[in-house]
Participant: 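A single structure is presented below for examination.
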Amino acid sequence: MAKKKILFINQEISPYVPDNNLSLMGKSLPQAMQERNHEIRTFMPKWGTINERRGQLHEVIRLSGMNLIINDTDHPLIIKVASIPSARVQVYFIDNDDYFGKRLMEKDEQGEDYTDNGERAIFFARGVLETVKKLRWIPDIIHCQGWMSAAIPFYVKTAYHDEPSFAETKVVTSLFAQSLEKKLGSDFKQCLEFREGRAELLKDYKDNFDFNELSKMAIAYSDGVVVADKDVKKSLVDFAKEKNIPVLGYKEDFAEAYESFYEQLFPEEDE
């Protein structure tokens with residue numbers, strides 16, 4: 001496979017959060033592709049549980065300072081960066097006091113899903129895309145892992161489709177067993193609106209967005225789907241196949257399979 005620029009947008013990355021299938025893949029997939037000589041960039045939310053001193057995070061002033069309007073409210077975008085020495089992978093963190101700050105991940109101290117998880121995912125998605133633009137780095141592939149990245153495919157194919165940074169980019173979504181318990185609210189579609197990413201594009205989806213609807217939206221706007229867990233909902237895999245979107249089944253030895261899957265998204269290079 002020809003060398004590609006691959007942007008990994010992860011909900012969780014080990015060792016910044018506890019180990020699970022999602023966080024371990026968040027670390028090992030970018031590492032594997034970098035070792036195969038692809039150029040990578042990696043992003044995740046700066047969850048409030050992350051110890052900045054221990055993880056040696058520091059703010060990137062030249063990338064910070066933008067305000068993103070979500071639900072008619074300005075939210076400052078803060079970008080931090082750190083490296084995972086064992087993997088030789090640099091990680092950019094999307095931060096904001098309102099959405100992340102001292103808060104936990106998707107659940108609060110009582111174990112309940114945060115009521116603004118939808119807004120948090122929207123802020124994260126737009127924050128990543130705006131930061132990549134500032135980096136003047138044009139990805140060939142964007143690979144999304146976790147529900148926090150689920151708005152990325154929608155934005156890349158609508159609101160950012162004319163941006164030089166993303167006009168030719170292929171988007172891949174990984175499906176995991178992890179899910180949200182509570183709905184994202186009846187105003188999620190309206191909060192999602194940005195430029196050409198209009199709510200009416202989602203008229204076939206339930207007004208009260210839940211994890212299933214969020215996953216279907218991510219799939220529908222992706223160029224490829226990866227089954228990254230053994231226990232992924234069959235209905236979501238079937239939905240991708242109904243949309244004629246290429247699907248890569250679950251692979252324990254993933255690196256070569258993922259790289260081959262990426263290659264299939266660029267058939268013109270095989271001619």
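These figures come from a predicted structure and were not determined experimentally.
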Participant: Looking at Asp229 and Asp231, would you say the former's side chain and the latter's main chain have a donor-acceptor pair under 3.5 Å?
Facilitator: no

Participant: State whether the side chain of Asp108 and the backbone N or O of Gly111 hold a donor-acceptor pair below 3.5 Å, judged by distance alone.
Facilitator: yes

Participant: Less than 4.5 Å apart, any side-chain heavy atom of Asp223 and any of Gln264?
Facilitator: no

Participant: Under the salt bridge (charged side-chain N to carboxylate O under 4.0 Å, His left out) criterion, do Glu200 and Lys203 qualify, and how do the steps go?
Facilitator: CA-CA 5 Å; Glu200 54 260 31; Lys203 64 181 185 302; over 6 Å; no

Participant: Between His161 and Phe166 (judged by ring centroids, cut-off 6.0 Å), do the two rings come close enough to count as a pair?
Facilitator: no

Participant: Is it the case that the side chain of Glu213 and the backbone of Lys206 share a donor-acceptor pair, with hydrogens and angles ignored and the cut-off at 3.5 Å?
Facilitator: yes

Participant: So, Glu39 and Gln34: side-chain donor and acceptor under 3.5 Å apart, yes or no?
Facilitator: no

Participant: Which pair of non-hydrogen atoms, one from Ala257 and one from Lys251, has the smallest distance, and what is that distance?
Facilitator: CB-CG, 3.9 Å

Participant: Taking 4.0 angstrom as the limit, do Lys107 and Glu112 come out as a salt bridge?
Facilitator: no

Participant: Main chain of Leu201, side chain of Lys189: is a donor-acceptor contact present, judged purely on distance under 3.5 Å?
Facilitator: no

Participant: Supply the atom-to-atom distance Leu63 CG to Glu130 CD, rounded to the nearest 0.5 angstrom.
Facilitator: 12.0 Å

Participant: Please check if any side-chain donor atom of His38 sits under 3.5 Å from a side-chain acceptor atom of Tyr262, or the reverse.
Facilitator: no

Participant: Following the transitive rule for hydrophobic clusters with a side-chain heavy-atom cut-off under 4.5 Å over Ile, Leu, Val, Met, Phe, Trp and Tyr, establish whether Met33 and Leu24 coincide in one cluster.
Facilitator: no

Participant: Under 3.5 Å, side chain of Ser23 to main-chain N/O of Pro18, donor-acceptor pair present?
Facilitator: yes

Participant: Looking at Phe254 and Ala32, what are the two nearest heavy atoms and their distance?
Facilitator: CE1-CB, 4.1 Å

Participant: Is the count of non-hydrogen atoms from other residues, nucleotides or ligands lying under 6.0 Å from Arg195 atom CZ greater than 12?
Facilitator: yes

Participant: Keeping Arg41 on the side-chain end and Leu7 on the backbone end, is there a donor-acceptor pair under 3.5 Å?
Facilitator: no

Participant: To the nearest 0.5 Å, how far apart are CD1 in Ile94 and CG in Leu77?
Facilitator: 5.0 Å

Participant: Please find the pair of heavy atoms, one from Met44 and one from Phe124, that lie closest to each other, and give the distance.
Facilitator: C-CE1, 3.4 Å

Participant: Testing the basics here: between Phe123 and Pro76, what is the closest heavy-atom pair and its distance to 0.1 Å?
Facilitator: CZ-O, 3.5 Å

Participant: Output, in order, the C-alpha distance, side-chain angles, deciding distance and verdict of side-chain contact (heavy atoms from CB on, under 4.5 Å) for Arg62 and Lys134.
Facilitator: CA-CA 9 Å; Arg62 68 182 179 87; Lys134 276 193 173 183; over 6 Å; no

Participant: Under 4.5 Å between side-chain heavy atoms, counting indirect links through other Ile/Leu/Val/Met/Phe/Trp/Tyr residues: same cluster for Ile78 and Leu135 or not?
Facilitator: no

Participant: Before giving the answer on side-chain contact (heavy atoms from CB on, under 4.5 Å), spell out for Leu29 and Phe8 the whole-Å C-alpha distance, their side-chain angles and the decisive distance to 0.1 Å.
Facilitator: CA-CA 9 Å; Leu29 180 55; Phe8 293 101; 3.5 Å; yes

Participant: For a side chain to side chain contact (heavy atoms under 4.5 Å, CB included) with Phe188, tell me which candidate from Asn71, Asn208, Ile122 qualifies.
Facilitator: Ile122

Participant: Does the Lys NZ or Arg CZ of Arg126 fall within the cation-pi geometry relative to Phe194 - under 6.0 Å from the ring centre and within 45° of the axis?
Facilitator: yes

Participant: Decide yes or no on side-chain contact (heavy atoms from CB on, under 4.5 Å) for Val172 and Leu265, but give the supporting numbers first.
Facilitator: CA-CA 9 Å; Val172 175; Leu265 302 179; 3.5 Å; yes

Participant: Taking a hydrophobic cluster as the set of Ile, Leu, Val, Met, Phe, Trp and Tyr residues connected by side-chain heavy atoms closer than 4.5 Å, whether directly or through intermediates, do Val17 and Val81 fall within one such cluster?
Facilitator: yes

Participant: Hey, what do you get for OG (Ser149) to CD (Gln11), rounding to the nearest 0.5 Å?
Facilitator: 7.0 Å

Participant: At what distance, to the nearest 0.5 angstrom, does OH of Tyr250 lie from CG of Leu248?
Facilitator: 11.5 Å

Participant: Are Tyr99 and Leu104 co-members of a hydrophobic cluster defined by side-chain heavy atoms under 4.5 Å apart?
Facilitator: no

Participant: Tell me the closest heavy-atom pair linking Ile13 and Phe43, and the distance in Å.
Facilitator: CD1-O, 4.2 Å

Participant: Does a side chain donor of either Tyr114 or Glu106 reach within less than 3.5 Å of an acceptor in the other side chain?
Facilitator: no

Participant: Return yes if a side-chain donor-acceptor contact under 3.5 Å exists between Thr158 and Glu196, otherwise no.
Facilitator: no

Participant: Is the closest basic N to carboxylate O distance between Arg103 and Glu109 below 4.0 Å?
Facilitator: no

Participant: Find the distance between CD (Glu193) and CD1 (Ile70) and round it off to the nearest 0.5 Å.
Facilitator: 12.0 Å

Participant: So with a 6.0 Å cut-off around CD of Glu256, is the heavy-atom count from everything else above 12?
Facilitator: no

Participant: Applying side-chain contact (heavy atoms from CB on, under 4.5 Å) to Leu202 and Leu192, what does each step give before you reach the verdict?
Facilitator: CA-CA 10 Å; Leu202 303 175; Leu192 190 68; 3.5 Å; yes

Participant: Between Tyr16 and Glu52, do the side chains contain a donor N or O and an acceptor N or O under 3.5 Å apart?
Facilitator: no

Participant: Give a yes or no on whether a salt bridge exists between Lys3 and Asp140, defined as a side-chain N under 4.0 angstrom from a carboxylate O.
Facilitator: no

Participant: Out of Val226, Asn21, Val227, which one pairs with Phe176 under the side chain to side chain contact (heavy atoms under 4.5 Å, CB included) rule?
Facilitator: Asn21

Participant: Is there a donor-acceptor pair under 3.5 Å between the side chain of Asn51 and the backbone N or O of Arg54?
Facilitator: yes

Participant: Output yes when a side-chain donor or acceptor of Thr169 lies under 3.5 Å from a complementary backbone atom of Pro139, and no otherwise.
Facilitator: yes

Participant: Quick one: NZ on Lys4 to NZ on Lys170, what's the gap to the nearest 0.5 Å?
Facilitator: 9.5 Å

Participant: Taking the side chain from Asp113 and the backbone from Lys182, do they hold a donor-acceptor pair closer than 3.5 Å?
Facilitator: yes

Participant: Are more than 12 heavy atoms from other residues, nucleotides or ligands located less than 6.0 Å from atom CG of Asp74?
Facilitator: yes

Participant: Using the ring of Phe239 (Phe, Tyr or Trp, six-membered ring only), decide whether Lys216 places NZ or CZ under 6.0 Å from its centre and within 45 degrees of its axis.
Facilitator: yes

Participant: Quick one: closest heavy-atom pair of Lys5 and Ile138, and the distance?
Facilitator: CD-O, 3.2 Å

Participant: Distance-only, no hydrogens or angles: does the Ser64 side chain make a donor-acceptor pair with backbone N or O of Ile79 under 3.5 Å?
Facilitator: yes

Participant: Classify the side-chain pair Gln145/Glu12 by whether it contains a donor and acceptor separated by less than 3.5 Å.
Facilitator: no

Participant: Hey, is NZ on Lys183 packed in by over 12 heavy atoms from elsewhere, all under 6.0 Å?
Facilitator: no

Participant: Stepwise, does the ring-ring contact (aromatic ring centres under 6.0 Å, His included) test hold for Phe211 with Trp147?
Facilitator: CA-CA 8 Å; Phe211 174 79; Trp147 65 263; 8.2 Å; no

